[in-house]
Amino acid sequence: MSPAPFRLAAVLAASALALSACGSDDSSGGSGGGEDSSDGGGGSSSGVTVGIKYDQPGLGLKEGDSYSGMDVDVAKAVVTELGMSEDDITWKESPSAQRETLLETGQVDMVFATYSITDERKQKVQFAGPYFVAGQSLLVTSDSDITGTDSLDGKLLCSVTGSTSAPKVKEEVPGVQLQEYGTYSECVSQLANGTIDAVTTDDAILAGFANQSQYQDQLQVVGDTFSEERYGVGLPKDSDQCEEINGIVEGLWEDGTMEQIIADNLGDNYEMNEELNPPEFGGDCG
Ligand code: GLU
């Protein structure tokens, strides 16, 4: 909702470094907003709108006025390192199919929403990070005979529109019957109801649902992962903060913050891929 103050803060920070080089005439960054930020310290008068998922336990979850999950904690850590405070964050729900548009239209300043870096998405947005690497897997009921992608023939699968998961499973299991919803929680409800046979997306997301108390004995993640999902910080194409955020993300891994965030949010039942984490940072800005 308030991208302008955030951009203004970025512009102010940049111009503080390069005052003499800055003319006063032109329109660096468009509207610029009307906020009179005179605190000079990146303080609480600036704000940042961060896109997250609202329905993915362990990753991005809204319960009343509280927000939790790995993406939420990474976002808070990055925003803090950028010189703002957690209180400066306005959270905005960013479903899979809307993330590029939300960034392109300035409705959010950053996206931390299990957002895989892909070449196609990079045509519209840029990505800092990655801060985590997950892999696509399957969630089934405890009594299911599905054990992996090779037992999906004739089964009804659910995934989400605008995700990498939907096209990937079609490629992996040609002819699979796939139903696409707007969110993973809708898929999981269908699975728990017995309307569909499996949900497919990133293992971290599936583990988050399986860990919920109401599903603990009912749902399980099965099979090997069959993709690499590099979670990036989605930024508008014209953001000048991508490299800075790369450095921040690397620092979060170096000082142990990331491991703590993962342990706090993804739970004992989730084993992250130790070969792919910490990720290789950088390379997706611009
Ligand atoms: N990480 C994948 C993606 O960005 C799947 C999860 C999601 O839809 O958020 O498409």
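Whatever order the structure lists ligands and atoms in, that order sets their numbers, starting from 1.
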Next on the checklist: What's the separation between atom CZ in F132 and atom CG in N273, rounded to the nearest 0.5 Å?
Outcome noted: 8.5 Å
Item to check | Nearest-0.5 Å distance, OG of residue S159 to CD of residue E186 | outcome: 12.0 Å
Checklist entry - Numbering the atoms of ligand 1 from 1, which are under 4.0 Å from a heavy atom of S96? => result 7 (C), 8 (O), 9 (O)
Checklist entry - Does D202 reach ligand 1, in the sense of a heavy atom lying below 4.0 Å from it? => result yes
Checklist entry - Is it true that Y231 and F112 have ring centroids separated by less than 6.0 Å? => result no
Next on the checklist: I'd like to know if D109 pairs up with K92 as an ion pair, taking the criterion as any Lys NZ or Arg NE/NH1/NH2 lying under 4.0 Å from an Asp or Glu carboxylate oxygen.
Outcome noted: no
Checklist outcome for this item: In ligand 1, the atoms that come under 4.0 Å of a heavy atom of A113 are 9 (O)
Checklist entry - Quick check: does T201 get an N/O under 3.5 Å from an N/O on ligand 1? => result no
Next on the checklist: Out of all atoms in ligand 1, which are within 4.0 Å of some heavy atom of S165? Include the element for each.
Outcome noted: 5 (C)
Checklist entry - Are any of the side-chain nitrogens in E81 or K76 under 4.0 Å away from the carboxylate oxygens of its partner? => result no
Next on the checklist: Within ligand 1, which atoms have a heavy atom of I205 less than 4.0 Å away?
Outcome noted: 6 (C)
Next on the checklist: Tell me whether D255 at atom CG has more than 12 heavy atoms from other residues, nucleotides or ligands lying less than 6.0 Å away.
Outcome noted: yes
Checklist entry - Does K168 have a non-hydrogen atom less than 4.0 Å from ligand 1? => result no
Item to check | Heavy atom of K53, distance to ligand 1 below 4.0 Å | outcome: yes
Checklist entry - What are the atoms of ligand 1, with element, lying closer than 4.0 Å to any heavy atom of Y231? => result 1 (N)
Next on the checklist: Give me the residue, atom name and distance of the protein heavy atom closest to atom 2 (C) of ligand 1.
Outcome noted: T164 OG1, 3.1 Å
Item to check | Backbone or side-chain N or O of R121 under 3.5 Å from ligand 1 N or O | outcome: yes
Item to check | Parallel, tilted or perpendicular: ring planes of F127 versus Y115, cut at 30 and 60 degrees | outcome: perpendicular
Item to check | K122 with D284: basic N within carboxylate O range, under 4.0 Å | outcome: yes
